[in-house]
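Only one structure is covered here, and it is reproduced in the block below.
So that the names make sense, note that chain A is the first sequence line, chain B the second, and so on, each numbered from 1.
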Amino acid sequence: MSELEISNITKDYGATRALHPVSINVERGEFVTILGPSGCGKSTLLRILMGIARPSAGEIRLAGTRIDPLPPETRDIAMVFQSYALFPHMSVGKNLSFGLRMKNVPSPERARRIEHALEICNLTGLVERMPRQLSGGQQQRVALARAIVMQPRLLLFDEPLSNLDAKLRDTLRQELVYLHRRIGTTSIYVTHDQAEAMAMSDRIVVMDGGRVVETGTPLDLYRAPTRAFTAGFLGQTNLLTADADGTRARLPWGQLVALSAQAKGIARVSVRPETIAIRQDDTGAGTVTSVSFMGANALYTVGIAGTTLKVSQAGGESLIAAGSRVSLDFNGALHLLKDRELPEAA
Amino acid sequence: MAVVAETLPKARARVFHEDDRLLVSAGLYAALGLTIALPLVLMFLWSVADGWAPPNVIPRDYTLSRWLDMIADPGLLRAALNSTVIAVVVTFATALIALPTAWAMARFPFRLKRLVEIFILAPVIIPGLVVAVGIGQVFLFLGLSYSITGVILVQIVGTLPLMIRLMTATLETIPDDLIHAARSLGAGTVGVVLHIILPLAVPGLLAGGLLSFIGSFEEFDKSFIVGAPVVETLPIKLYTFLDPYSLQLPIASIIAFILLLPALIVFVIAGRILRDDLMAAGMGKL
Amino acid sequence: MQAALHDRKIQLALLLLPGVGYLVLFFGGPLVSALIGSLRLDDGSFTLQWYERIFTRATMLRGLQTSIYYGVAPVFVSLLVSIPLALLIRQNFWGRKLFNGLYKLPMAVPGIIVALMVIIMAERGGFIDRVIAPFGVSMPKLVRDEWGIGVILATVWKQIPFMTLIITSAFAGIPEDIRHAARSLGASRLNTFAFVEVPLAMPGITAAILLTFIGSMGSYAIPDIVGSPSPRPLSVLMLFEFGEGRFAQVYAMGMVLSLFAVVVLLAYYALTANIGVNRAKGDE
Amino acid sequence: MNARLFAIAALALSATTAPVFAAETNLKNLDFDLSKVTRENFYDIVVPAAKAEGTVTMYNFAGSFGDAWKELITRFEAKYGIKVEYSDVKGAQANQQLIAVQKAGEDAPVDAYFAGGGDYPLLSSAGVVGNIPLTSILPNMDHYDPAFAQSLFGKPHGGAYPLVHLNQTAIGYDSAFVKPEDLPKTFDELLAWAEKNPMRLGVTLPSKGGSGGGFIYSVALNYLTGECRTKLTDYTLTAEQAADWAMTSECLEPVWDYYRKLLSVAELTNGNADTLNLINNQQLYIGTVWEDQVMTFIRGKQLPDTFRLTLLENGQVGSGDAMFVPANAKHVAAAMLLIDMAIGKDFQAWKLENKASRSPRTDLTSNLVTPETAKYLLPSSVYPRLSAPAFWDMAKALGEALDEKVLSQ
């Protein structure tokens with residue numbers, strides 16, 4: 001039995017279906033990210049988990065207890081909001097003690113837990129401050145502290161880092177990972193930022209159009225996505241069709257590559273840019289159409305055999321100029337996508 | 001509490017030349033003096049003047065006897081007490097009635113909202129006399145005429161629209177997330193109302209409460225028709241001296257001061273509490 | 001029951017109930033009874049005579065015109081004062097905080113006292129007249145005058161704070177960036193004001209106009225005391241009819257006045273609905 | 001309603017000193033036998049009953065009369081030990097309140113109501129007035145003016161609606177500006193004076209003050225003759241009939257004509273006090289006024305001490321205000337006792353001296369006032385000679401017609 005079992009949850013708004021039957025299991029102590037573009041249904045799912053919205057069908061169990069009919073305040077779930085949702089009329093300390101008072105936690109216990117939360121969130125000394133006197137990062141940490149002080153069974157994060165600048169976001173992301181490791185609370189983290197998802201999660205649930213597209217560890221999803229959407233959403237990729245003849249497939253530029261699974265006929269595959277080696281070659285079949293230097297690597301677009309490919313090359317002393325002819329070489333296993341068709345111009 | 005001036009963003013205050021600022025100050029305060037202070041002073045002079053005929057610019061003789069007579073009237077104290085009790089009850093009742101409705105207006109999208117808005121605004125539009133005479137007939141039927149309860153009920157008709165609008169404007173500014181956060185932290189409906197909504201609604205409640213208090217304290221038309229003369233409030237007691245067709249300037253001036261004083265005190269206090277932006281949001285958007 | 005409470009429609013109804021229900025009971029009820037009363041004779045039979053009187057009697061017809069005049073004229077004068085005042089008080093001048101509190105005092109002054117002040121100050125032979133008499137000048141007629149200047153003055157005095165308050169906030173609500181953007185695009189301070197700030201503040205300004213119009217159209221203490229004895233606005237005539245115990249006539253006049261106000265309000269809604277600026281709220 | 005009026009009229013005709021109302025009384029809360037009360041045994045029966053009631057509520061409709069009633073109440077409470085609950089009211093509203101309460105069958109909130117003389121038709125037709133032959137049984141009414149004892153301005157009341165105060169509309173002038181030889185003595189002379197002194201005459205708008213209402217009725221009395229005058233003084237007309245006549249009759253052309261000429265040279269004011277205030281400001285020299293209100297203003301130093309009064313030939317309206325016991329009053333005996341004291345000679349003399357409030361007592365004339373007061377009263381050369389009885393419903397009708405026929409044209 002998983003810690004959190006989401007079974008066949010749907011949500012309809014009138015005639016529109018915001019969530020198609022969604023089922024997700026989360027193990028105890030796991031950090032699961034729900035990743036998807038805006039409008040994919042992840043926020044709706046979060047609201048249902050929290051109890052702000054009610055599912056149209058399906059059920060949710062937390063530690064074996066069915067919680068979907070319960071009001072939010074009895075669910076033993078705490079949430080960190082995108083807007084932080086700090087109570088503007090309460091000091092940091094009051095914000096932290098609010099939930100404990102609501103749950104009638106006795107005063108000495110309350111003080112101890114607040115002290116602890118402040119300490120692990122690096123907030124010591126700010127107890128008396130009002131929210132408006134805090135910086136964005138501090139507010140974010142207070143929001144986090146306010147949630148973990150509850151020692152909930154489940155922590156929900158709703159894009160909690162999206163209102164911060166890039167640098168702070170990186171720092172806080174690391175802090176969050178570290179923190180999760182320390183407290184070990186089962187967590188669900190909602191975001192549309194794939195980098196964030198990959199950096200933090202034990203497991204990622206990819207959602208699109210109100211459905212769960214795919215679930216897996218960051219590594220699996222990145223390396224061997226089974227859906228074009230996942231492949232495209234997690235990092236960059238080239239979505240190609242290949243002619244498969246059982247164990248091998250032919251890539252558009254003619255290279256024959258081993259398949260990870262048996263397939264015949266038209267196969268849809270995802271080829272990561274960094275899995276293709278590029279080499280300047282006046283007799284090569286490809287032509288570089290553009291070059292972007294990214295620092296750690298360089299990204300080329302290459303026109304070859306009627307398609308355009310993205311190719312990434314690490315380091316290197318020099319760049320290949322646009323217009324140069326190149327030859328390409330894929331080295332790795334081709335993972336088949338299960339999609340019936342590929343999205344146009346992926 | 002934000003003092004009125006501070007509600008304007010700091011950046012708005014442009015830098016002025018020292019002379020300009022003095023000039024603006026001098027001009028504005030002079031205007032204030034001529035249009036508000038001077039009439040009040042003249043009215044006070046009338047109340048203590050023992051005869052004031054042309055060409056005297058200020059009275060030659062003074063008397064306090066009118067003031068003393070007026071203040072000695074035991075009915076005055078009773079009426080003031082009545083007014084205070086009624087105003088307090090009206091203020092609290094108005095807030096209590098207005099809150100849920102304002103919440104609905106602020107938080108629920110629904111189709112007939114415009115219509116409900118107009119209906120809530122309607123008591124401001126319909127002349128008080130019509131409402132009062134109409135309600136007088138209804139109250140007589142209900143046995144509420146000429147009772148304090150009746151006066152309170154009819155006054156709330158006048159204070160409710162402003163309170164609902166002010167509270168709607170206030171409640172609209174509370175982010176959904178705060179309420180969700182409170183709920184996820186274990187607060188039930190009561191907890192959310194008590195610890196989140198009410199504290200955050202305080203500026204609106206204060207503004208609306210003060211306006212309701214003044215509105216009730218000064219209300220004449222409706223209270224008069226529904227309550228007078230069995231229930232005497234301060235305005236009912238004093239307006240008999242302000243009968244437009246026989247008003248005597250000295251007496252009327254005294255009455256004006258007695259009527260104005262509490263309102264002015266409340267308003268000066270209110271100046272520190274009333275938030276311009278809320279007032280404007282409540283009344284300034286239709 | 002529990003489920004019913006979670007139904008948004010039922011929640012909405014329950015929440016609306018106290019306020020709207022109260023007004024339906026203690027405002028709508030009397031209003032309907034007033035409406036019925038305005039269409040009835042003493043013996044209960046239907047009549048339009050009370051309305052007929054309003055639209056056939058010269059006194060009443062002129063009264064209606066006068067009501068509208070007393071509603072409209074002060075609004076224009078108030079605007080002329082309030083907009084500059086609103087602009088002035090956002091400057092950083094000495095004693096601004098105090099001024100901000102003081103200028104609102106007239107809001108707390110009952111109309112009848114305002115009228116009294118006008119009599120004391122501006123009546124012929126009154127204070128101002130006595131002050132300027134030594135210079136051989138005398139006051140023009142401001143009380144009981146044909147154009148109702150005394151009424152307009154008194155009404156304006158009472159309206160200005162309310163109007164200024166709303167207009168100040170309307171201007172304050174415009175993001176600083178928008179003004180800066182306009183200036184950076186080459187607009188002068190005046191142009192920025194005229195083409196950017198005023199249009200953006202318009203919803204607030206028009207609402208202030210509407211509310212003050214409705215307020216002054218229905219006020220009676222001021223026109224009763226400092227207005228011309230003839231014509232008298234409908235509100236004053238209404239009070240007279242009340243004194244005569246002709247409730248049906250009072251109701252009918254009240255209905256006509258209210259109807260006029262409501263028509264103006266609806267016209268306002270219709271006009272502003274297309275502008276869209278103030279539709280952000282309420283209909284989402 | 002007419003039947004009731006006839007009944008009252010019939011009773012009024014047969015009224016003697018003996019009580020006659022025993023069977024017909026409309027009083028609801030009698031706690032003593034009213035039918036046994038006579039002038040002779042009044043105090044024996046009424047005083048104990050009143051003391052048993054212990055308290056009495058009084059309404060006063062006249063804003064300027066508060067201090068007079070305070071004086072009366074002090075005397076009354078001292079003498080009888082009965083508490084008086086006193087309220088100033090607005091006549092129109094209090095009348096409607098009484099009528100509504102009466103309709104609902106509830107007890108009246110007031111026991112002794114000082115109400116306008118012109119309100120009698122309204123109040124009596126609604127059955128609000130308690131049928132007590134006060135003028136026949138109150139000991140202090142033994143010197144009561146027979147002109148008002150049984151009827152008021154042509155309407156019979158059987159003693160139930162006795163005036164306790166008489167007042168007089170008049171022409172007031174500042175003798176510092178109007179020389180005795182220039183003082184108008186007739187309506188024509190008044191117009192001529194106004195034409196010679198434009199905007200120095202103030203005329204109160206009839207619907208905004210009795211001095212104006214009285215004036216327009218006086219103008220009509222002056223210029224109407226024959227049948228027209230008969231109609232004008234037909235007290236049996238109801239308010240509606242009077243209004244119809246005033247709005248349509250050709251008879252009134254001379255009145256409108258007079259007003260058209262007058263208002264082109266005179267100032268129309270917003271009330272009795274408005275007129276006086278303009279005289280105090282030395283903007284007006286002559287104005288339409290009430291005699292008693294002038295005294296209040298003189299005492300309050302709001303009029304120059306050169307201010308004097310006169311009446312125009314052919315008469316100006318004199319009126320009065322009554323004190324009565326409502327049919328549903330709770331403290332009838334105490335109310336009767338209070339009215340008795342109000343009409344007592346002592347209080348009436350005090351009232352005349354201090355408020356220029358004339359008395360319906362035949363034994364009290366202006367000869368009794370101090371010379372200091374006398375000079376502000378109407379001189380005996382014109383009063384009561386030129387005092388004409390009021391007909392307020394007609395005066396009101398004329399006022400409304402004036403608005404329609406002259407002012408709004």
Side-chain angles (χ1 to χ4, degrees), chain B residues 3-5 8 11-14 16 21-22 24-25 28 32 36 39 42-43 46 54-55 57 97-98 100-101 103-104 108-110 113 116 123 125-127 129-131 133-135 137-138 153 157 160 164 214 218 242 244 252 256 260 263-264 267-268 271 276-277 279-280 283-286, chain C residues 12 15-16 18-20 22 26-27 29-31 33-34 88 90-97 99-102 105 108-110 112-113 116-117 120-121 125 127 130-131 133 165-166 169 172 176 203-204 207-208 210-211 214 218 224-225 238 242 247 250-251 254 257-258 261-262 278 282 284:
Chain B
V3 177
V4 263
L8 298 169
R12 222 163 238 301
R14 292 195 198 123
F16 256 62
R21 294 168 54 165
L22 267 179
V24 171
S25 291
L28 286 177
L32 208 62
I36 298 180
L42 292 178
M43 216 160 69
W46 262 110
V57 173
I97 298 170
T101 302
W103 182 255
F108 284 66
F110 58 98
K113 198 171 205 165
V116 176
I125 299 171
I126 312 289
L129 188 67
V130 175
V131 179
V133 178
I135 217 171
Q137 311 286 74
V138 176
L153 288 174
V157 172
L160 206 50
I164 294 181
I214 295 176
E218 306 244 293
L242 293 183
L260 269 185
L264 289 187
F267 226 77
V268 168
D276 285 14
D277 51 340
M279 283 281 296
M283 293 317 289
K285 281 187 210 142
L286 289 174
Chain C
L12 176 67
L15 286 171
L16 283 178
V20 175
Y22 191 95
F26 294 112
F27 170 73
L31 201 64
S33 96
L88 265 184
R90 69 178 186 182
Q91 313 292 5
N92 187 16
F93 61 88
W94 179 81
R96 175 173 140 190
K97 234 181 237 187
F99 184 88
N100 237 323
L102 290 179
L105 289 184
V109 181
I112 194 164
I113 296 178
L116 193 67
M117 288 177 176
I120 289 174
M121 291 281 286
F127 179 76
R130 293 179 201 182
V131 170
L165 174 77
I166 290 180
S169 295
E176 190 78 348
L210 197 67
L211 282 176
I214 287 169
D224 195 22
I225 297 177
M238 196 161 82
F242 172 73
F247 290 177
V250 173
Y251 292 147
L257 265 182
S258 311
V262 169
N278 69 337
E284 75 263 57

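Atom CG of Leu15(C) is separated from atom CH2 of Trp103(B) by 9.0 Å, given to the nearest 0.5 angstrom. Rounding to the nearest 0.5 angstrom, the gap separating the CG atom in Leu31(C) from the CD1 atom in Ile126(B) is 5.0 Å.
Chain B forms the most heavy-atom pairs under 4.5 Å with one residue out of Ala261(C), Pro110(C), Ala133(C), and that residue is Pro110(C). Options Ile225(C), Ile112(C), Val250(C) differ in how many heavy-atom pairs under 4.5 Å they form with chain B, and the most are formed by Ile112(C). Taking Phe26(C), Phe127(C), Tyr251(C), Phe27(C) one by one and counting their heavy-atom pairs under 4.5 Å with chain B, the maximum is reached by Phe27(C). Of all the listed residues (Ile164(B), Val133(B), Val131(B)), the one sharing the greatest number of non-hydrogen pairs under 4.5 Å with chain C is Val133(B).
With a threshold of 4.5 angstrom between heavy atoms, Leu32(B) approaches chain C through side-chain atoms but not through N, CA, C or O. For chain B, the nearby part of Ile214(C) is the side chain; its heavy atoms alone come within less than 4.5 Å. For Ala98(B), no part lies near chain C; criterion is any non-hydrogen pair under 4.5 Å. Contact annotation for Leu16(C): both backbone and side-chain heavy atoms come within less than 4.5 Å of a heavy atom of chain B. When heavy atoms are compared at a cutoff of 4.5 Å, Tyr22(C) approaches chain B solely by way of its side chain, counted from C-beta outward. Within the 4.5 angstrom heavy-atom criterion, atoms from both the backbone and the side chain of Val157(B) approach chain C. Looking at Pro123(B), the atoms closer than 4.5 Å to chain C (heavy atoms on both sides) sit in the backbone and in the side chain alike. Looking at Leu153(B), both its backbone and its side chain come within 4.5 Å of chain C, counting heavy atoms on both sides. When heavy atoms are compared at a cutoff of 4.5 Å, Leu102(C) approaches chain B by way of both its backbone and its side chain. Proximity to chain B involves both the backbone and the side chain of Ala108(C), based on heavy atoms less than 4.5 angstrom apart.
Side-chain N or O atoms of Ser33(C) include none that pairs as donor or acceptor with a backbone N or O of Ile135(B) at under 3.5 Å. A donor-acceptor pair is defined here as one N or O able to donate and one able to accept, closer than 3.5 Å; such a pair exists between the side chain of Arg130(C) and the backbone of Gly125(C).
In terms of heavy atoms, Ser258(C) sits closest to Pro127(B) at OG-CD, 3.2 Å. Here the closest heavy-atom approach between residue Ala256(B) and residue Leu116(C) is recorded as CB-CD2, 4.2 Å. In this structure, Met121(C) and Leu42(B) approach most closely via the heavy-atom pair SD-CD1, 3.1 Å. Of all heavy-atom pairs spanning Ile166(C) and Ala208(C), the tightest one is CG2-CB, 3.9 Å.
Between Phe247(C) and Phe242(C), the ring planes are parallel. Angles under 30° get that label, and only those over 60° would be called perpendicular.
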